[in-house]
> 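Before we start, here is the structure in question, set down as structure tokens.
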Amino acid sequence: MKRIFTNIGELATSQGRTALCGKAQGNIKRLQSAWILEKNCMIDSVGTGSPPAADKVIDCGGKLVTPGLVDCHTHLVFGGWREKELAMKLAGKSYLEILAAGGGILSTVRETRAASEDALYEKASRLLSEAMSYGTTAMEIKSGYGLDLSTEQKQLRVIKRLKEQNSDLAATFLGAHAFPPEMEREAYMDFLCETAIPAIAADGLAEYCDVFCDEGVFTAAQAERILLCGKRFGLIPKLHADEIREIGGTETAAKVGAISCDHLSETGVAGIRALKDGGVIAVMLPATSFYLQKPYGNFRGMIDAGVPVAVATDMNPGSTPNLSLPFAMTAACLYGRLTPEEVLTAATLNGAAAIGMANRLGTLESGKQADLVVWDADNLEQLIYRYGTNRTLRVYKRGVCQFGKERV
Ligand code: NIG
Ligand code: FE
């Protein structure tokens with residue numbers, strides 16, 4: 001089966017199979033009047049002018065086509081919602097104050113522990129479809145609302161089941177998301193390293209291990225211990241760092257060889273240097289900054305220092321209950337001062353690299369998977385500019401339309 005996507009008004013894509021940094025991050029390919037030839041779920045070729053013959057012709061209506069978006073940081077599997085915290089937030093309570101009042105992560109932990117696996121699956125499956133409707137064709141999903149072995153495993157089994165809906169999901173064990181109320185901190189550290197990580201790795205339930213390394217949560221030394229332990233069991237390290245305060249998370253990321261270090265809204269020059277020297281991808285989460293009314297972070301400093309920057313949603317029930325990666329992209333441009341070209345790389349190729357999928361995803365070029373989005377926009381700038389409304393017309397995964405009505 002060969003499909004030809006024709007009448008593409010603008011085709012915008014980064015190129016390559018590894019994360020891009022510095023000037024290369026914004027140096028994308030933009031073609032007018034383009035076509036994409038798909039063969040057996042993969043991109044065969046891309047060009048302009050008269051298109052080659054195929055079994056099926058798909059008219060893109062003169063619109064913008066980009067690679068499918070890659071959301072490389074989400075907490076998609078959880079029980080309940082936290083809309084009740086809105087009033088506290090609006091009354092000026094901080095994220096940590098809400099946590100201390102029994103809200104925050106710990107209230108979602110209670111609801112996730114109480115939820116059945118099927119209920120968690122049904123809810124996450126609907127959210128995954130919602131993300132697809134916004135153009136997200138690959139995603140990373142974390143556990144971290146169990147803080148005990150059986151609930152963490154339950155969340156990770158849900159992610160495994162979701163892979164039947166979308167094969168391009170990465171699973172991350174985030175047992176170190178908070179300390180459970182029922183256990184001493186040191187005992188929980190031992191439990192993570194001696195019980196949880198070995199069990200989760202033995203069951204093949206996660207590829208990555210993450211730690212919330214920040215003020216009031218896990219220290220840099222604790223993060224290092226957990227991530228090195230995960231690494232011994234084959235889990236690739238990632239970190240949540242510098243969201244509230246810089247406490248050495250970026251240096252830890254570099255030290256343990258993390259694939260990415262995420263949040264980074266408080267990261268200064270030394271932290272940027274550490275990421276650069278450690279070859280760590282910076283995953284920026286501007287929708288979280290928006291919802292928490294917090295600083296956005298030094299995106300430009302990272303790009304200028306040669307750190308590859310990715311942008312993701314951080315979808316979770318507390319700090320950003322939003323699955324629109326296009327919204328995060330607009331926020332990254334307005335508040336992080338990225339260009340539309342840089343942000344496209346951030347939400348596609350660099351996102352794919354942050355979850356080890358850049359070999360097959362993240363760009364529209366020969367040999368990559370035919371994951372693409374036809375947008376209701378004439379060009380890349382229009383997509384960023386028409387923020388806050390869903391601009392997807394059709395979303396394709398491996399050449400097959402998963403959202404929207406196909407025009408043939
Ligand atoms: O990435 N920062 C830590 N964890 C999540 C928030 C989790 C929650 O509030 O439920 C985040 O923002
Ligand atoms: Fe997060």
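Every number for a ligand or one of its atoms is a count from 1 in the order of the listing. All values reported here derive from a predicted model rather than from experimental measurement.
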> Start with the C-alpha distance between His73 and Asp314, add both sets of side-chain angles, then the distance that settles side chain to side chain donor-acceptor pair (under 3.5 Å), and finish with yes or no.
CA-CA 5 Å; His73 182 136; Asp314 193 25; 2.9 Å; yes
> Can the ring centroids of Phe218 and Phe179 be said to lie less than 6.0 angstrom from one another?
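Distance test on ring centres: under 6.0 Å, yes.
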> Taking side-chain hydrogen bond (donor to acceptor under 3.5 Å, both in side chains) as the cut-off, I'd like each qualifying pair that reaches into residues 171-180, sequence neighbours left out, listed once.
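Residue pairs passing side-chain hydrogen bond (donor to acceptor under 3.5 Å, both in side chains), neighbours aside: Glu140-Thr172.
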> Not counting sequence neighbours, list each pair that qualifies as a salt bridge (Lys or Arg N to Asp or Glu O under 4.0 Å) and has a residue in residues 271-290.
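Matches after skipping sequence neighbours: Arg273-Asp277.
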> Go through Glu111 and Lys84 one step at a time and tell me if the salt bridge (Lys or Arg N to Asp or Glu O under 4.0 Å) criterion holds.
CA-CA 14 Å; Glu111 297 213 61; Lys84 290 203 171 67; over 6 Å; no
> One pair per line, please: each N/O atom of ligand 1 matched with every protein N/O atom under 3.5 Å away, atom names first, then the distance to 0.1 Å.
residue  : atom   : partner : partner atom : Å
ligand 1 : 1 (O)  : His75   : NE2          : 3.2
ligand 1 : 1 (O)  : His240  : NE2          : 3.1
ligand 1 : 1 (O)  : His263  : NE2          : 2.9
ligand 1 : 1 (O)  : Asp314  : OD1          : 2.9
ligand 1 : 1 (O)  : Asp314  : OD2          : 3.1
ligand 1 : 2 (N)  : Glu243  : OE1          : 2.6
ligand 1 : 4 (N)  : His177  : NE2          : 2.8
ligand 1 : 9 (O)  : Arg82   : NH2          : 2.8
ligand 1 : 9 (O)  : Tyr95   : OH           : 2.7
ligand 1 : 10 (O) : Arg82   : NH1          : 2.9
ligand 1 : 10 (O) : Arg82   : NH2          : 3.4
ligand 1 : 10 (O) : Tyr145  : OH           : 2.6
ligand 1 : 12 (O) : Asp314  : OD2          : 2.9
ligand 1 : 12 (O) : Ser319  : OG           : 2.5

> Would you say Glu406 and Lys56 make side-chain contact, with heavy atoms under 4.5 Å?
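Glu406 vs Lys56: side chains touch.
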> Short of 2.8 Å from the Fe ion (ligand 2), name each protein N/O/S atom, waters not counted.
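Within the sphere that stays under 2.8 Å of the Fe ion (ligand 2), the protein atoms of type N, O or S are His73 NE2, His75 NE2, His240 NE2, Asp314 OD1.
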> Do other residues, nucleotides or ligands put more than 12 heavy atoms under 6.0 Å from Lys160 NZ?
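Counting other residues, nucleotides and ligands, NZ of Lys160 stays at 12 neighbours or fewer.
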> Do Lys397 side-chain atoms and Gly68 backbone N/O form a donor-acceptor pair below 3.5 Å?
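Pair absent, no side-chain N/O of Lys397 close to backbone of Gly68.
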> Do other residues, nucleotides or ligands put more than 12 heavy atoms under 6.0 Å from Tyr291 OH?
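Count over threshold, so yes.
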